Each structure stands twice: as C-alpha cells, then as structure tokens.
*Asks:* 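Quick one: the structure is below, and I'll ask about it shortly.
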Number of protein chains: 2
Amino acid sequence: MIQGKLMKELHKFDESEEMYLKTIAEISRHGNLVPVTNIAERLSISTVSASEMVHRLQDRGLLEHTPYKGVRLTDDGMNRAEGILRRHRLWECFLTEHLGLPWKQVHDFACQLEHVSEDTLTDALDEHLGFPSFCPHGNPIPPTQGVLEVRETTPLSDLGVGQEGVVLCIREEDGEILDYLDARAVRPGSRVRIEEIAPYDGPRSVLMDGEQQVLGREVAEHILIELVHGNETE
Amino acid sequence: MIQGKLMKELHKFDESEEMYLKTIAEISRHGNLVPVTNIAERLSISTVSASEMVHRLQDRGLLEHTPYKGVRLTDDGMNRAEGILRRHRLWECFLTEHLGLPWKQVHDFACQLEHVSEDTLTDALDEHLGFPSFCPHGNPIPPTQGVLEVRETTPLSDLGVGQEGVVLCIREEDGEILDYLDARAVRPGSRVRIEEIAPYDGPRSVLMDGEQQVLGREVAEHILIELVHGNETE
DNA sequence: TCGTATAATTAGGATACCCTTATATTAACT
DNA sequence: AGTTAATATAAGGGTATCCTAATTATACGA
Ligand SMILES: [Mn+2]
Ligand SMILES: [Mn+2]
Ligand SMILES: [Mn+2]
Ligand SMILES: [Mn+2]
C-alpha cells in the first residue's frame with residue numbers, strides 16, 4: 001500500500017486518465033453521450049482497453065456509462081476535464097505568443113505540459129499571459145470558476161453556397177488537422193465564403209481570406225463559423 | 001510489439017529513467033563512482049528496485065556498474081543527463097523570472113516539466129530567456145553542445161572560522177533544502193563569513209549577507225563558495 | 001419479428017515499475 | 001585470517017495500462 005503513494009508521487013500517473021477525460025469532453029457536444037468507440041479511436045487505443053478504462057473511470061465517479069449508448073462525464077469528471085483543457089490552452093497561448101512555435105508543435109507540446117501543471121503554476125501562467133480567453137485555435141479557456149463562454153457557431157460544413165462567415169475556432173484539435181488547416185490559412189478570424197460544393201456533399205471550394213481553398217466535408221465539420229449576414233444565395 | 005510504440009507515445013514513459021540519470025549526474029563529483037545506495041536514497045526507492053533499474057540502464061548502455069563500487073554514466077548516459085539538467089534549469093529560470101514563483105515550487109515544477117520538453121521547445125525557451133548560463137540556484141545550464149563551465153568552488157563546510165566568500169550555488173538541489181536555505185538568505189551572490197564552528201565539527205554560525213545564521217555541517221556541504229581573500233584567521 | 005452490424009466482455013498475455021523478505025557475496029577493518 | 005557491515009540477488013508479489021482473438025449481448029432497421 002505504500003508503493004501506491006510513492007509511485008503516484010514519482011510519476012504522477014494520471015496522464016492516461018486525464019487524456020480520457022479531456023477527449024470525452026472535447027468530443028461531446030452539449031451533453032450528448034459519447035460512444036466508447038469514438039474515445040478509443042481518438043486515443044488510438046483498442047476498444048477493449050478503452051472499455052476497461054471507462055469502467056475504472058466510472059468506479060472513480062468521473063463518468064457514467066450507459067451500455068450500447070455511450071458515456072457522459074459527471075460533474076466531477078467535467079471539472080477535471082475543464083481543468084485539463086484550461087492548462088492545455090493556456091500553454092498553447094504561451095507557446096504561440098512567447099515562444100513563437102508553429103500550430104502543430106504548440107498543440108503537441110501543450111498535450112504533454114497539460115499533465116504536469118499544478119494549479120499554482122497554471123494560475124501564474126494565466127496571469128503572465130494576461131488572462132486570455134481563447135487559445136490560438138479559437139477555443140475558449142475555461143476559467144478557474146464560473147462557466148465557459150458559449151458562442152453561437154455553425155460548422156463550415158453546414159454552410160450553403162454563397163454563405164459567408166468568420167472562422168471562430170477549430171474544434172477537436174489534433175496535430176494532424178491543425179497542421180493541415182494552418183497551411184490553408186484557416187485560422188480564427190479568417191473570413192470565409194463558400195463558392196461551390198461538389199456533388200454528393202463533397203469537397204467545398206471556399207474563399208478563405210481571399211485565397212481559394214478546397215476543403216473536404218469531414219474537415220469542414222471541424223471548422224466552426226460565425227455567420228456574417230444571412231445572404232442565403234442557394 | 002506494437003503496444004510498445006503506442007504506450008511510448010501516450011505516456012512517454014522515460015520519466016523514471018530520466019530521474020535516475022539526472023540523479024546520478026547530480027550526485028557524482030568529477031567522475032566518481034556513485035553507490036547504488038545513494039541513488040536509491042535520493043529517489044526514495046528501495047535498493048532492490050534501484051539495483052534492478054541500474055541493470056536495465058546498463059543494458060541500455062547508459063551507465064556502467066561496478067559491483068560493490070558504484071555506477072558511472074557512459075557518454076550516452078551523460079549526454080542524456082545533461083539534457084535533462086538543461087531543461088530543468090531553463091524551466092527554473094522561466095518560473096523564477098517570468099512567473100515569479102518561489103524556490104521550492106520552481107524546483108518541484110521544473111522536475112516535472114523537465115520530462116516533457118522536446119528539443120524544439122527547450123531551445124525556444126532558451127532563446128526566450130536570453131540564453132542564461134545559470135539556474136536560480138547558481139548551477140550551470142548545460143549548453144546544447146560544448147562543455148559545462150567549470151568553476152572553482154569550495155563547500156561552505158570546508159571553510160574555517162574567519163574565512164569569507166560568496167555563495168556560488170547550491171548543489172544537489174531538492175525541494176527541502178532549497179526552501180530551508182531560501183528562508184535563510186542563502187542565495188547565489190550572498191556574501192558569507194564563518195563566525196564560529198561548534199565543537200565536533202558541529203553547526204556553523206555564519207554571517208550571511210549581514211544576517212546571523214546557523215547552518216549544520218550537512219547542509220553546509222551543499223553550499224558551494226567562491227573564496228574571497230585568503231585571510232585564514234584560524 | 002429477425003438478422004445483422006455494433007458494442008461489450010471474457011480470456012490470456014505483455015511491459016515497466018515498484019515492494020518486502022530472505023539469502024548470498026564481497027570489501028574492509030581488526 | 002576472520003568477522004562484519006555494506007551490497008547484490010533471488011523469490012514472490014502488486015498495479016496500471018495496453019494488446020489480440022474469440023465470444024456474447026443488444027439496438028435497430030428492414
Ligand atoms: Mn495530453
Ligand atoms: Mn488549442
Ligand atoms: Mn523530474
Ligand atoms: Mn536549480
């Protein structure tokens with residue numbers, strides 16, 4: 001029983017746990033159930049392992065699993081998850097603004113740092129950064145207390161031809177997609193207009209900050225937009 | 001065999017390994033053999049476990065173990081260790097100068113951050129800090145390439161009554177001792193003078209930056225001094 | 001209602017660390 | 001040379017996380 005304590009202190013072992021919680025929070029949209037399969041997929045882990053872990057997390061009171069339906073974070077779980085997202089996004093701000101690193105690295109590094117940032121450190125960092133509200137990818141930084149700002153957004157994939165908007169954020173960040181989008185000028189603040197949608201709900205041709213870009217539907221789902229003026233041409 | 005790769009990526013598991021290497025490097029004085037017992041002690045780990053790990057590290061070519069004598073890092077091992085010390089001390093600079101955290105926290109946080117800092121990140125941090133040469137505790141920051149600056153130092157415990165000097169650094173840092181010394185104005189740059197040494201090589205009464213302090217011999221061994229003028233009263 | 005695709009579980013392993021309690025070895029001092 | 005204290009090994013366990021392959025259970029659309 002003593003081993004547990006020492007192990008815990010030496011290699012603070014909740015990294016796995018934290019990644020599960022964060023992932024679930026990121027995937028879940030307004031309180032929907034998250035299928036265990038999705039979790040496994042995003043963590044590149046077998047569904048068996050994910051399932052095991054889900055049980056453990058349930059035992060620890062961090063989530064509730066409805067078999068064949070999915071998983072929902074408890075209040076405890078959600079708090080933990082928001083803490084992690086907070087650290088992740090604060091680090092991203094630091095890495096971007098102060099160290100000048102590129103998006104993909106910023107995200108990947110933050111994904112490691114998020115697991116080794118106690119509150120004192122996180123708060124000091126927050127202050128040092130001037131209490132930012134959003135990460136470089138436009139996602140809101142959960143405050144120590146209080147509720148996350150909610151903004152009205154539409155996935156780019158839902159826009160019709162002719163519709164215009166401004167990129168607010170990229171959701172469900174991961175190294176891959178960030179890199180890809182960064183190279184295509186898709187950033188918070190970019191002005192976008194749908195020029196054409198290929199048949200079968202296919203790739204979108206868009207004008208992104210004046211430049212012509214083509215984005216697949218899947219990718220477009222991760223780009224959240226604030227509509228500009230409701231000029232629905234189609 | 002696939003598991004290994006995934007595990008490695010998910011929870012970069014060399015924290016233990018890194019702590020061993022760093023610890024060995026810190027303890028060892030100019031290439032001396034480091035007893036396995038000392039390693040175990042500093043890591044708060046059983047000697048059996050330390051011994052096991054030493055074997056593993058030997059197999060990985062990071063050190064050489066001479067039974068009943070001790071351990072010495074190979075060139076590879078030393079490089080790894082210096083990399084870790086570099087990250088540790090750079091983070092310490094950041095946490096001190098930019099976040100204004102106190103010594104103990106600075107050290108403890110750095111001990112976690114040191115394990116999640118790839119080269120790109122470390123180098124960017126280094127640049128951001130203006131390429132500092134020493135950590136807040138006065139220890140040299142290993143450069144990416146080249147050799148560590150070596151300075152002529154004497155442990156405070158070796159000074160006689162009447163001798164004076166300036167604190168250069170505190171070696172074998174750990175949270176405990178740093179906290180203790182910080183509270184007693186023992187910092188790099190502090191002017192010190194031995195006023196009295198209790199019988200049996202006991203506690204020293206010293207004038208530290210003008211203030212009277214008492215420091216046990218054990219603690220004094222960790223305070224490295226640059227002698228000022230060789231006025232050996234005793 | 002029935003079948004099938006999806007989700008969950010069972011079974012059997014692997015790895016990296018860590019522990020305690022013996023039991024050898026050896027260095028070193030008398 | 002002999003004894004002893006320090007070191008090293010052996011033996012038997014434990015935990016958390018992950019894997020594959022095979023086997024159930026269930027939801028849901030036809
Ligand atoms: Mn992470
Ligand atoms: Mn982000
Ligand atoms: Mn450490
Ligand atoms: Mn230091």
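These numbers come from the heavy atoms of this one structure, side chains and all, not from hydrogens, waters or symmetry mates. Each chain gets a letter, A, B and so on, in the order the sequences are listed, and its residues count up from 1. Worth saying up front: this structure is predicted, and the values here are computed from it rather than measured.
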*Asks:* For the side chain of B/S16, counting heavy atoms from C-beta on, which of C/dA7, D/dA21, C/dC17 is nearest?
*Replies:*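 Of C/dA7, D/dA21, C/dC17, C/dC17 is nearest to the side chain of B/S16.
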
*Asks:* Between A/H55 and C/dT9, does any side-chain N or O lie under 4.0 Å from OP1 or OP2?
*Replies:*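 For C/dT9, OP1 or OP2 has a side-chain N or O of A/H55 closer than 4.0 Å.
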
*Asks:* Please check if the side chain of A/D179 supplies one atom and the backbone of A/W103 the other of a donor-acceptor pair under 3.5 Å.
*Replies:*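 No, because the side chain of A/D179 does not come within donor-acceptor range (under 3.5 Å) of the backbone of A/W103.
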
*Asks:* Rounded to the Å, how far apart are B/I39 CD1 and C/dC18 C1'?
*Replies:*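 Answer to the nearest Å: 16 Å.
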
*Asks:* Within the 4.0 Å heavy-atom criterion, would you say A/T47 contacts the bases, only the backbone, or no part of the nucleic acid?
*Replies:*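 Since no nucleic acid heavy atom lies under 4.0 Å of A/T47, the category is nothing.
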
*Asks:* Rounded to whole Å, how long is the line connecting atom CD of B/E15 with atom C1' of D/dA16?
*Replies:*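 It works out to 15 Å between those atoms.
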
*Asks:* Any side-chain N or O of B/Y20 under 4.0 Å from OP1/OP2 of C/dC18?
*Replies:*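 Result: yes.
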
*Asks:* Counting only heavy atoms not in A/Q58, do more than 12 sit closer than 6.0 Å to its CD atom?
*Replies:*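 Result for CD/A/Q58: enclosed.
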
*Asks:* How do A/G70 and B/R60 order along DNA chain C: which one's closest nucleotide is nearer the 5' end?
*Replies:*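 The residue closer to the strand's 5' end, by nearest nucleotide, is A/G70.
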
*Asks:* Can you check whether B/S51 has a side-chain N or O nearer than 4.0 Å to OP1 or OP2 of D/dT7?
*Replies:*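 No, outside the criterion.
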
*Asks:* Whole angstroms only, please: what is the CG-P distance between B/L21 and C/dC17?
*Replies:*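 Checked: the CG to P distance equals 11 Å.
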
*Asks:* Answer with yes or no after comparing the ring centroid distance for A/H98 and A/H128 against a 6.0 Å cut-off, counting only values under it.
*Replies:*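 Judged by ring-centre distance (under 6.0 Å), A/H98 and A/H128 do meet the cut-off.
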
*Asks:* So, are A/D174 and A/R171 salt-bridged, with charged N and O less than 4.0 Å apart?
*Replies:*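 No, no charged N to carboxylate O under 4.0 Å.
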
*Asks:* Using a cut-off of less than 4.0 Å, is there contact between a side-chain N or O of B/H65 and OP1 or OP2 of D/dT7?
*Replies:*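 It does not, given that no N or O in the side chain of B/H65 lies less than 4.0 Å from OP1 or OP2 of D/dT7.
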
*Asks:* By nearest heavy atom, map A/K69 and A/S49 onto DNA chain D; which one lands nearer the 5' end?
*Replies:*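 Nearer the 5' end of the strand: A/S49.
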
*Asks:* Enter the distance from A/R86:CZ to A/E82:CD here, rounded to the nearest 0.5 Å.
*Replies:*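 If we round to the nearest 0.5 Å, A/R86:CZ and A/E82:CD are 11.0 Å apart.
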
*Asks:* Hey, does the side-chain of B/Y68 have a donor or acceptor N/O within less than 3.5 Å of a partner on the base of C/dT25?
*Replies:*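 Checked by distance alone, the answer is yes.
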
*Asks:* Mind checking if A/V36 touches a base, just sugar-phosphate, or nothing, with heavy atoms under 4.0 Å?
*Replies:*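 Touches sugar-phosphate only.
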
*Asks:* Report yes if at least one side-chain N or O of A/S46 is closer than 4.0 Å to OP1 or OP2 of D/dC19; otherwise report no.
*Replies:*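 Looking at the OP1 and OP2 atoms of D/dC19, one of them is under 4.0 Å from a side-chain N or O of A/S46.
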
*Asks:* Between A/A50 and A/P67, which is nearer to the 5' end of DNA chain D once each is assigned its nearest nucleotide?
*Replies:*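 Final value for this comparison: A/A50.
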
*Asks:* When the distance from CE of A/M19 to C1' of D/dA16 is rounded to whole Å, what number comes out?
*Replies:*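 To the nearest whole Å, that distance equals 17 Å.
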
*Asks:* Are A/R56 and D/dT17 close enough that a side-chain N or O sits under 4.0 Å from OP1 or OP2?
*Replies:*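 For D/dT17, OP1 or OP2 has a side-chain N or O of A/R56 closer than 4.0 Å.
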
